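Chain identifiers are assigned alphabetically (A, B, ...) following the order of the sequence lines, protein sequences preceding nucleic acid strands; residue numbering begins at 1 within each chain. For clarity, every value in this text was computed on a predicted model and none was experimentally measured.
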Protein chains: 2
Amino acid sequence: MGITKTEHFTEAQNELAVLAKAIGHPARIAIIQHLIKVNSCVCGDIVNELPLAQPTVSQHLKELKNAGLIKGNFEGNAICYCLNEEGFEKIKDFFENINSYLENKKNQCC
Amino acid sequence: MGITKTEHFTEAQNELAVLAKAIGHPARIAIIQHLIKVNSCVCGDIVNELPLAQPTVSQHLKELKNAGLIKGNFEGNAICYCLNEEGFEKIKDFFENINSYLENKKNQCC
DNA sequence: TATTTATATTGCAATATTACGATATAAATA
DNA sequence: TATTTATATCGTAATATTGCAATATAAATA
């Protein structure tokens with residue numbers, strides 16, 4: 001089918017899945033890493049940073065924006081992008097739970 | 001196309017993408033959460049925990065296993081699953097970098 | 001050994017994703 | 001206003017993902 005049965009899962013599970021899925025592409029990871037590396041908002045040079053055509057990059061940026069992981073504002077005729085704290089905040093708890101679980105894990109069998 | 005141009009990205013970026021992509025489905029999040037919730041290895045009741053048919057669950061488990069996020073060992077005629085620390089360790093740094101960046105971020109423009 | 005139980009694999013239909021050329025849009029500038 | 005520059009959207013081809021029925025496999029048990 002290719003269609004996810006979102007209705008069978010909790011809102012939180014679906015939300016987390018959307019966020020993780022958005023991160024789940026090397027181009028989108030490269031975009032996130034670039035935004036961190038330059039340590040500021042990036043206006044207009046994201047296309048040049050990636051080995052993909054402009055429409056493709058635009059599509060990836062849109063997906064990150066839709067997922068709530070980046071924000072973009074018009075700045076003249078360019079667009080300034082930066083990370084969106086809200087999105088990453090939502091993932092944070094999930095991974096912190098996993099990490100603290102893994103640190104304290106007993107009952108090892110595998 | 002539907003084919004990701006992995007050759008244009010670093011190994012680390014591709015590896016992270018594979019991990020995030022594997023997490024990016026509500027059923028697979030539910031599996032991870034269940035493994036944490038029961039706080040032990042789970043032998044054989046994962047199919048019953050999910051609102052999906054057995055072959056579908058088997059497929060999701062396979063994807064999590066391929067990505068290195070869970071481990072499974074035969075235990076009699078059932079299989080015991082638990083989280084695979086290695087996989088989550090690889091994601092940890094990525095999110096820790098993002099979080100410490102977001103906490104110290106200056107240069108806000110959006 | 002035959003049956004039961006648990007899980008995996010195969011095959012396939014429906015849908016989603018990835019990528020990009022062509023084109024549109026919209027602000028800046030000549 | 002015409003042109004340039006930056007980004008978005010459309011359309012489409014190639015491939016991937018999701019889900020499940022049918023079936024296979026493999027260990028446990030009757």
### Message
From C-beta outward on A:I3, which listed nucleotide comes closest to its side chain: D:dC20, C:dC20, C:dA16?
### Response
C:dA16
### Task
Check every atom of C:dA19, C:dA22, C:dT18 against the side chain of A:P55 and return the nucleotide holding the closest atom.
C:dA22
### Task
To the nearest Å, give me how far apart CG (A:L50) and C1' (C:dT18) are.
14 Å
### side-chain N/O B:K5 vs C:dC20 OP1/OP2, d < 4.0 Å
yes
### Query
To the nearest angstrom, how far is A:Q54 atom CD from D:dA8 atom P?
8 Å
### Query
Going from CZ on A:R28 to NZ on A:K21, what distance comes out if it is rounded to the nearest 0.5 angstrom?
9.0 Å
### Query
Whole Å only: how far is the CD atom of A:E63 from the C1' atom of D:dA16?
14 Å
### Query
Looking at A:K62, does any N or O in its side chain come under 4.0 Å of the phosphate oxygens OP1/OP2 on D:dT9?
yes
### Message
Just the rounded figure in Å: distance from P of C:dT17 to CG of A:L61.
### Response
17 Å
### Query
Could you state the interatomic distance from CG (B:L50) to NZ (A:K5), rounded to the nearest 0.5 Å?
11.5 Å
### Message
Show me the dot-bracket string of DNA chain D, counting Watson-Crick or G-U pairs under 3.5 Å, with | for pairs to another strand and [ ] for crossing ones.
### Response
||||||||||||||||||||||||||||||
### Query
What is the distance from CD1 of A:I31 to C1' of D:dT7, rounded to the nearest Å?
13 Å
### Task
Round to a whole Å and report the spacing from CG of A:N73 to P of D:dA8.
12 Å
### Query
Does the side chain of B:E11 come within less than 4.5 Å of B:E15's, by heavy atoms?
no
### Task
Look at the side-chain N and O atoms of A:S58 and state whether any lies under 4.0 Å from the OP1 or OP2 oxygen of D:dA8.
yes
### Query
Which nucleotide in the set D:dT9, D:dA8, C:dA19 lies at the smallest distance from any side-chain heavy atom of A:H60?
C:dA19
### Task
Determine: side-chain N/O of B:K21 to OP1/OP2 of C:dT17, distance under 4.0 Å, yes or no.
no
#### Entry: Shortest side-chain distance from A:A53, nucleotide among C:dG21, D:dT7, D:dG19
C:dG21
### Task
Kindly say whether A:G68 contributes a backbone atom to a donor-acceptor pair with the side chain of A:N84 at under 3.5 angstrom?
yes
### Task
Can you establish whether the number of heavy atoms outside A:E7 located under 6.0 Å from its atom CD is more than 12?
yes
### Query
Can you check the A:F74 CZ to D:dA6 P distance for me, whole Å?
14 Å
### Query
What nucleotide among D:dA8, D:dT17, D:dA21 has an atom nearest to a side-chain atom of A:I79?
D:dA8
### Task
For the side chain of A:T56, starting at C-beta, report the closest nucleotide among C:dA8, C:dA19, D:dA8.
C:dA19
#### Entry: Side chains of B:I79 and B:Y81 in contact at under 4.5 Å (non-hydrogen atoms)
yes
### Task
Could you tell me the separation between the CG atom of A:L52 and the P atom of D:dT7, rounded to a whole number of Å?
15 Å
### Query
So do B:L83 and B:I32 actually touch side chain to side chain, heavy atoms under 4.5 Å?
yes
### Sugar-phosphate only, base, or nothing, as touched by B:T4 at under 4.0 Å among non-hydrogen atoms
sugar-phosphate
### Query
If you check the A:A78 side chain, which of C:dT7, C:dT18, D:dT7 turns out closest?
D:dT7
### Message
What contact category does B:Q59 fall into here, base, sugar-phosphate, or nothing, at under 4.0 angstrom with non-hydrogen atoms?
### Response
base
